[in-house]
Amino acid sequence: MPITPAIHRLDLGYVVRPASEAGGAQPRVEPVLAYLVRHERGLLLFDTGIGEAGPETEAHYRPRRRPLREALGAAGASPDDITLVVNCHLHFDHCGGNPLLAGRPVLVQEAELAAARRGGYTAEHLVDFPGVRYRELSGETEVWPGVWIVPTPGHTDGHQSLVVQRTDGAVVLAGQARDFASQFAGDHLARRAARDGAAAPLPAYPHWLERLAAFAPRQVRFAHDASVWESAPDPSGEPW
């Protein structure tokens, strides 16, 4: 019988998003989270933390880093143990540890890698470095049995999320498809209202939510929010 994948959340520090980006009068401190998936095929690392991105970016976001090696160690692993890397996208706070994992396949959408290589998008030394091995994807793929990459564009055109099928229900690692669990909850309820035939106007929700719904996820976890969205049956008995 296949082993149910275990998922460990890795705390890789935080960034301070300025008020001009936080949508209010105050700056906002956001965690930077990655996820280690223990699968029968090996260890998959979803995102790798905050990289060095130059003095302007450092001053803008004031990052506080936790070394990837330390975070992996707390989860009982080391960089040498990692089999596969998946980045939700290639901004500096999601791919910062990639150079430490040179030689491992890095799965990324073609559109994301192309944008990163055009310049002015991210820290270029975190994208192309000695030993980098990209596996470029064009859409959805099952990378290991029960582990799916699903495009979730919005934050970037090439953003992708990871779906991990478990015996107790699927878990979505959503990266920055949404910044907060509450935003995802709003999308979910907007979809539910539309399916219930609620009168217009209704808020829009991203088209990729339909694909995620097909997995009937039990949980959705995020890159910049330690809160977790959890499903509950609606009055009709449907989980979604």
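Keep in mind that this is a model prediction, so the values were computed, not measured.
Taking the charged nitrogens against the carboxylate oxygens, Glu58 and Arg65 do have a contact shorter than 4.0 Å, which makes a salt bridge.
Put simply, CZ on Phe46 and CD1 on Ile149 are 8.0 Å apart, with the number rounded to the nearest 0.5 Å. Separation of atoms CG (Asp128) and CG (Leu113) is listed at 7.0 Å; rounding is to 0.5 Å. The distance from atom OG of Ser20 to atom NE2 of His60, rounded to the nearest 0.5 Å, is 5.5 Å. Residue Leu72 holds its CG atom at 6.0 Å from CG of Leu36, rounded to the nearest 0.5 Å. Here CZ of Arg133 is found 9.5 Å from CG of Leu84. Values are rounded to the nearest 0.5 Å. Going from atom NE2 of His188 over to atom OH of Tyr205 covers 11.5 Å, rounded to the nearest 0.5 Å.
Within the 4.5 Å cutoff, the side chain of Tyr35 has no heavy atoms near those of the Val164 side chain. Side-chain contact between His39 and Pro145 is present, with heavy atoms from C-beta onward closer than 4.5 Å. Put simply, the side chain of Phe92 reaches to within 4.5 Å of the side chain of Thr57, judged on heavy atoms. Looking at heavy atoms from C-beta onward, Leu12 lies out of side-chain contact with Glu70 at the 4.5 angstrom threshold. Residues Gln183 and Asp225 have side chains not in contact (no heavy-atom distance under 4.5 Å, counting atoms from C-beta outward).
Between the side chain of His125 and the backbone N or O of Glu52, at least one donor-acceptor pair lies under 3.5 Å. Between the side chain of Arg41 and the backbone N or O of Thr83, no donor-acceptor pair lies under 3.5 Å. The backbone N or O of Leu90 sits less than 3.5 Å from a side-chain atom of Thr122, completing a donor-acceptor pair. In this structure a side-chain-to-backbone donor-acceptor pair under 3.5 Å is missing from His224 to Val32. Judged purely by atom type and a 3.5 angstrom limit, Arg191 has no side-chain atom pairing as donor or acceptor with the backbone of Leu209. Between the Arg118 side chain and the Ala116 main chain, no donor and acceptor come within less than 3.5 Å of each other. For the pair Trp208 (side chain) and Pro153 (backbone), a donor-acceptor distance under 3.5 Å is present. When atom types are taken as modelled, the side chain of Thr167 and the backbone of Thr4 share no donor-acceptor pair closer than 3.5 angstrom.
The environment of CG in Asp81 is crowded: more than 12 heavy-atom neighbours from other residues, nucleotides or ligands sit within 6.0 Å. No more than 12 heavy atoms of other residues, nucleotides or ligands lie within 6.0 Å of CZ in Arg69, so this atom counts as exposed by the packing criterion.
Between Trp144 and Leu44, the closest heavy-atom pair is CZ3-CB, 3.7 Å. The shortest non-hydrogen separation linking Arg66 to Ala74 is NH2-CB, 3.6 Å. When all heavy atoms are compared, the tightest approach of Ser161 to Thr152 is OG-OG1, 2.9 Å. Scanning both residues, Pro31 and Ala226, for their nearest heavy atoms gives CG-N, 4.1 Å.
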- Item | Verdict with supporting geometry, Tyr121 and Glu112, side chain to side chain donor-acceptor pair (under 3.5 Å) | CA-CA 10 Å; Tyr121 180 88; Glu112 184 68 19; 2.5 Å; yes

- Message: Determine whether Arg135 and Thr141 satisfy the following criterion, side chain to side chain contact (heavy atoms under 4.5 Å, CB included), listing intermediate values before the conclusion.
- Response: CA-CA 12 Å; Arg135 179 179 163 192; Thr141 188; 4.2 Å; yes

- Task: Starting from the C-alpha separation in whole Å, work towards a yes-or-no answer on side chain to side chain contact (heavy atoms under 4.5 Å, CB included) for Gln160 and Val150.
- Result: CA-CA 6 Å; Gln160 59 186 11; Val150 177; over 6 Å; no

- Test log, rule side chain to side chain donor-acceptor pair (under 3.5 Å), inputs His91 and His159: CA-CA 10 Å; His91 286 166; His159 192 282; over 6 Å; no

- Would Tyr61 and Glu21 count as a side chain to side chain donor-acceptor pair (under 3.5 Å) if you check the C-alpha gap in whole Å, the side-chain angles of each, and the deciding distance to 0.1 Å? CA-CA 10 Å; Tyr61 289 112; Glu21 296 181 11; 3.0 Å; yes

- Evaluate side chain to side chain contact (heavy atoms under 4.5 Å, CB included) for Gln109 paired with Thr156, printing each intermediate quantity in order. CA-CA 11 Å; Gln109 294 293 317; Thr156 69; over 6 Å; no

- Task: Start with the C-alpha gap between Val37 and Val86, add the side-chain angles, then the distance that decides, and say whether side chain to side chain contact (heavy atoms under 4.5 Å, CB included) holds.
- Result: CA-CA 11 Å; Val37 179; Val86 178; over 6 Å; no

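One hydrophobic cluster holds both Trp229 and Val163 under the rule that ILVMFWY side chains link at heavy-atom gaps under 4.5 Å. Criterion: ILVMFWY side-chain heavy atoms under 4.5 Å apart, direct or through other members. Under it, Leu43 and Val171 are not part of a common hydrophobic cluster. One hydrophobic cluster, built from ILVMFWY side chains closer than 4.5 Å, holds both Val127 and Phe129.
Note: His94 and His89 have tilted aromatic rings, judged against thresholds of 30 and 60 degrees for the angle between ring planes.
For the side-chain contact (heavy atoms from CB on, under 4.5 Å) with Leu68, the qualifying choice from Asp47, Ile50, Leu100 is Leu100, the only one to do so.
Residues that satisfy the side-chain hydrogen bond (donor to acceptor under 3.5 Å, both in side chains) test with Arg64, not counting sequence neighbours, are absent from this structure.
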